[in-house]
2 protein chains.
Amino acid sequence: MIESPAFRTDRYELTMVDAAIQSGTADRECMFETFARRLPNGRRYGIVAGTGRLLELIRDFRFTDAELDWLREHDVVRAPTLDWLADYSFSGNVWGYQEGEAYFPGSPLLVVDGTFAEAVILETLVLSTLNYDTSVASAAARMVSVSLGRPIAEMGSRRANEHAAVAAARAAYIAGFASTSNLEAGRTWGIPTMGTAAHSFTLLHDTEEDAFRAQVDAFGSATTLLVDTYDISRGIELAVRVAGTGLGAIRIDSGDLPTVAAAARAQLDSLGAVNTTITVTSDLDEYAIAALSGSPVDAFGVGTSVVTGSGAPAAGMVYKLVARRDDAGPWMSVAKTSIGKVSVGGRKNAVRLLDGGGTAREEVILVGAEPSGDVDDAQREGVERGLLVPFITDGEVDERYVGASGTQRARAHNASVMQELPIEAFRLGRGEAVIPTSYR
Amino acid sequence: MIESPAFRTDRYELTMVDAAIQSGTADRECMFETFARRLPNGRRYGIVAGTGRLLELIRDFRFTDAELDWLREHDVVRAPTLDWLADYSFSGNVWGYQEGEAYFPGSPLLVVDGTFAEAVILETLVLSTLNYDTSVASAAARMVSVSLGRPIAEMGSRRANEHAAVAAARAAYIAGFASTSNLEAGRTWGIPTMGTAAHSFTLLHDTEEDAFRAQVDAFGSATTLLVDTYDISRGIELAVRVAGTGLGAIRIDSGDLPTVAAAARAQLDSLGAVNTTITVTSDLDEYAIAALSGSPVDAFGVGTSVVTGSGAPAAGMVYKLVARRDDAGPWMSVAKTSIGKVSVGGRKNAVRLLDGGGTAREEVILVGAEPSGDVDDAQREGVERGLLVPFITDGEVDERYVGASGTQRARAHNASVMQELPIEAFRLGRGEAVIPTSYR
């Protein structure tokens with residue numbers, strides 16, 4: 001069975017559509033906004049990801065006979081609603097922060113404009129994709145920022161749901177990771193894949209030497225040999241003996257890494273393997289990478305911490321109705337007003353103010369303004385940068401933001417945005433967002 | 001494109017197969033074991049989940065032309081390995097803990113017996129499914145254990161990857177949750193779905209009264225009205241006025257819940273709505289649920305915390321080669337021996353010792369023993385219970401453990417297992433595993 005993305009949805013989206021069709025309010029034009037009330041764990045900035053995946057899912061969001069039959073059998077909605085769902089295809093407009101963009105509390109990351117029914121029904125899918133992918137990209141960016149330019153490979157597939165793993169590889173790549181272990185991410189998103197062998201490969205053979213020899217026979221001396229199955233020092237000596245001083249790299253997956261890496265470098269050099277690089281991969285996160293800043297490590301592999309958002313596995317985004325109008329009337333701001341979880345109602349535009357040196361100084365949310373895709377004009381001014389770009393116009397997805405090429409575009413955008421953040425953004429300790437958000 | 005589960009795999013599994021085929025070791029019979037070295041965050045027990053999903057994925061694990069072409073184009077493995085992959089279908093044996101079973105550090109949760117090549121290639125998929133689903137089930141079980149029998153709905157789809165959300169709904173249901181918001185989980189796994197309306201539905205209408213009336217018109221007075229968009233007390237008064245004292249339930253999604261729930265109950269009773277129930281849904285986790293033990297709350301909805309494993313988003317399981325043999329020789333135990341991350345080598349069987357009252361007292365791992373599916377015999381003895389059941393025999397999946405019926409079976413097994421845990425298991429504070437694991 002090919003599952004429609006339309007069913008990756010909370011039941012209440014459909015019952016709301018059902019009741020709104022019956023009460024005659026389903027066609028009121030609405031503006032929904034996705035934002036995060038705060039950055040998790042005292043972080044200084046977040047990185048948006050998931051948008052490219054989301055746009056494809058919105059494009060494919062259809063109720064086929066399989067879904068309609070199930071809804072009918074389970075009496076979820078009534079007949080007129082089933083007819084409406086059968087004809088569903090999003091025909092409105094979506095603006096948003098470019099994928100790879102930095103964001104702050106209140107940033108209107110995605111703005112969806114359409115009828116209530118066609119826009120509300122996207123809520124679950126919008127939040128699932130953006131919350132998870134953004135969580136990964138935000139953690140990944142912190143790791144990249146302390147890696148001092150040394151490449152990081154994403155290898156956390158085994159610590160995430162098997163589909164989430166593919167999305168995680170993509171999000172980490174957008175935020176500057178160099179490669180992934182995940183084959184599907186390589187195929188679907190064009191991300192470079194890497195990987196050679198695990199401890200089981202060494203244990204399979206009668207001796208470590210047999211295992212190294214088998215691997216070098218298969219992949220040549222430029223391969224990466226995992227040297228910590230038995231004794232690291234003997235493993236390194238053996239690796240160079242088997243592969244020669246042209247050995248590509250060694251990988252170390254355990255032990256106190258600063259100590260071990262320094263000893264490994266000295267040993268490799270003493271054996272003449274001065275160009276053999278050192279990759280480390282043992283439970284790394286941004287703090288462990290930072291702690292290796294002075295160590296002779298050439299590359300990192302990161303698993304669990306990046307695919308679980310390094311302590312913040314969901315970005316905490318919400319999807320809120322902020323404005324609506326009746327028929328052709330004026331836009332009315334709306335917001336929940338009871339205690340707790342307060343939102344700022346109204347349509348919004350967003351710009352980032354930069355100082356003369358091109359450094360970000362303020363996130364300005366223009367309340368009551370029309371979302372604007374006029375990025376180029378704003379960029380020409382040099383002191384402010386428009387943040388909302390049009391992703392979907394009258395139901396048509398802008399293809400520049402989707403697929404493998406959209407992923408590359410997002411990665412390039414992220415690289416540019418990271419240059420713009422104040423240096424204080426890269427402190428790992430807890431604090432406030434590095435620039436303030438103001439509403440005007 | 002229908003993606004094959006075979007590509008939800010780390011590249012190094014395939015390069016290991018490639019090198020092993022070339023070195024003549026690919027066909028050595030191997031035993032891989034999945035276990036967790038510790039329980040996360042000082043928990044007292046964990047609950048296994050994901051097995052039913054995994055067994056279907058192993059059954060469907062095939063390399064189609066699409067995968068083989070990609071591997072050839074990207075020069076990942078050589079021609080003989082491509083031929084081997086083209087013929088791949090798992091032909092070995094898998095034993096494991098039943099889904100829904102409790103586990104402890106070192107419990108051999110899944111044992112895979114096959115050639116090195118056919119078993120190693122499953123590593124990523126085994127760990128992805130078990131690590132995530134077990135993380136959710138383990139958190140969910142703690143929430144259920146403090147809910148005092150009041151139903152909990154899973155509604156965290158928006159805070160998890162859109163596919164992970166479906167798996168999370170299933171894992172929470174296995175651990176005792178009553179229902180889910182996720183439609184795909186309802187369709188695929190037969191889990192009861194729930195949900196009525198969000199704040200946006202109220203904000204869509206000109207007044208809260210219009211919104212309540214629209215919902216009651218559509219679904220009758222037995223529906224659940226969300227009463228906290230503006231003022232909870234006025235919302236409750238209005239809800240009962242619109243729906244009558246036969247109103248099914250109110251839902252509260254914000255505020256200090258013990259205070260708010262008590263006031264809501266008093267108000268409902270004073271309005272004569274004595275049978276109207278109260279559902280609360282605001283950022284709940286096991287601690288918040290426990291804090292509501294004395295409150296007049298009738299049902300809970302849990303989102304973020306359950307789908308992210310409540311602070312432990314990956315269960316930390318590993319998949320290790322523990323024994324192998326050459327040709328028809330005897331089994332040899334193998335294990336990594338360098339510092340850190342030490343494993344206990346050897347084939348294993350596992351039994352849980354129970355006292356005369358049927359309470360679990362010890363997890364016994366029998367090292368060097370053959371995995372045994374002889375559960376019935378062990379259960380007849382009454383004082384010990386065999387934990388490993390045969391899931392796959394010579395490549396044939398036992399259908400009782402998969403699909404919607406397998407999910408029901410897992411839920412029933414969990415309910416029985418929870419009765420067997422010592423009462424100390426249900427303390428929420430940090431501590432040691434509630435029963436010791438011993439190796440014999």
Side-chain angles (χ1 to χ4, degrees), chain A residues 7-12 15-16 18-19 22-23 25 70 116 120 124-125 127-129 131-132 157-165 167 181 183-184 187 193 195-201 203-205 214-215 218 228-232 254-255 304 308 313-314 321 334 336-341, chain B residues 7-12 15-16 18-19 22-23 25 70 116 120 124-125 127-129 131-132 157-165 167 181 183-184 187 193 195-201 203-205 214-215 218 228-232 254-255 304 308 313-314 321 334 336-341:
Chain A
F7 252 35
R8 293 172 210 150
T9 294
D10 289 332
R11 177 178 168 132
Y12 83 171
T15 53
M16 284 193 278
D18 191 57
Q22 173 144 323
S23 77
T25 52
W70 192 90
F116 174 77
V120 76
T124 311
L125 197 59
L127 292 176
S128 290
T129 48
N131 267 321
Y132 180 68
S157 294
R158 62 190 58 194
R159 303 301 172 89
N161 167 275
E162 73 277 12
H163 291 280
S181 63
L183 289 169
E184 192 59 66
R187 170 165 67 172
T193 59
T196 50
H199 295 113
S200 61
F201 185 79
L203 296 171
L204 167 70
H205 289 81
Q215 191 180 324
D228 69 343
T229 303
Y230 302 110
D231 175 87
I232 294 180
S254 53
T304 310
T308 60
L321 178 63
V334 298
K336 179 175 181 296
T337 58
S338 66
I339 292 167
K341 298 185 182 174
Chain B
F7 251 37
R8 294 171 210 150
T9 293
D10 289 331
R11 176 177 168 133
Y12 82 172
T15 52
M16 284 192 278
D18 191 57
Q22 172 144 324
S23 77
T25 52
W70 191 90
F116 174 78
V120 77
T124 311
L125 198 59
L127 291 176
S128 291
T129 48
N131 267 321
Y132 180 68
S157 294
R158 62 191 57 194
R159 303 301 172 89
N161 167 274
E162 72 276 12
H163 290 280
S181 62
L183 289 169
E184 191 60 65
R187 170 166 67 172
T193 59
T196 51
H199 295 113
S200 62
F201 186 78
L203 296 172
L204 168 70
H205 290 82
Q215 192 179 325
D228 69 342
T229 302
Y230 302 109
D231 175 89
I232 294 179
S254 52
T304 311
T308 59
L321 179 63
V334 298
K336 178 175 182 296
T337 57
S338 66
I339 290 167
K341 299 186 182 173

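So that the names make sense, note that chain A is the first sequence line, chain B the second, and so on, each numbered from 1. The analysis underlying the following values was restricted to heavy atoms, covering all of them including side chains, and did not include hydrogens, waters or symmetry mates.
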Where is the tightest heavy-atom contact between A:Arg187 and B:Trp70, given as atom of each residue plus distance?
-> CA-NE1, 3.4 Å

Which atom pair, heavy atoms only, marks the closest approach of A:Asp10 to B:Ser181?
-> OD1-OG, 2.6 Å

Measure the OG1-CG distance between B:Thr25 and A:Leu204 for me, rounded to the nearest 0.5 Å.
-> 4.0 Å

Part of B:Glu162 lying under 4.5 Å from any heavy atom of chain A = both

Closest approach of A:Ser128 and B:Ser157, non-hydrogen atoms and distance?
-> OG-O, 2.7 Å

Partner set under ring pair (Phe, Tyr, Trp, His ring centres under 6.0 Å) for B:Phe201, not counting sequence neighbours | B:His205

Max heavy-atom pair count under 4.5 Å with chain B, selected residue of A:Thr308, A:Asp18, A:Asn131, A:Thr229 = A:Thr229

B:Thr124, B:Val120, B:Leu203: which one forms the most heavy-atom pairs within less than 4.5 Å of chain A?
-> B:Leu203

Quick one: closest heavy-atom pair of B:Thr196 and A:Met16, and the distance?
-> O-CG, 3.6 Å

With a 4.5 angstrom heavy-atom cut-off, which part of B:Leu125 approaches chain A: side chain, backbone, both or neither?
-> side chain

Picking from B:Thr15, B:Ile232, B:Asp231, which has the most non-hydrogen pairs under 4.5 angstrom with chain A?
-> B:Thr15

Which atoms of B:Ala167 come close to chain A, meaning under 4.5 Å heavy atom to heavy atom: side chain ones, backbone ones, both, or neither?
-> side chain

For the candidates A:Gln215, A:Gln22, A:Arg159, which exhibits the highest count of non-hydrogen atom pairs separated by less than 4.5 Å from chain B?
-> A:Arg159

Among A:Leu321, A:Leu183, A:Leu127, who wins on heavy-atom pairs under 4.5 Å with chain B?
-> A:Leu183

Interatomic distance, CZ@A:Arg158 vs OG1@B:Thr129, rounded to 0.5 Å, equals 12.0 Å

Between A:Ala19 and B:Ala214 the two heavy atoms that sit nearest each other are CB-O, 4.2 Å

With respect to chain B, which residue among A:Ala314, A:Pro313, A:Ser200 yields the maximal number of heavy-atom pairs within a distance under 4.5 Å?
-> A:Ser200

Could you tell me which non-hydrogen atom of B:Gly195 sits nearest to which non-hydrogen atom of A:Tyr12, and how far apart they are?
-> C-CB, 3.6 Å

Can you tell if the side chain of B:Lys336 reaches within under 4.5 Å of the side chain of A:Asp228, non-hydrogen atoms only?
-> yes

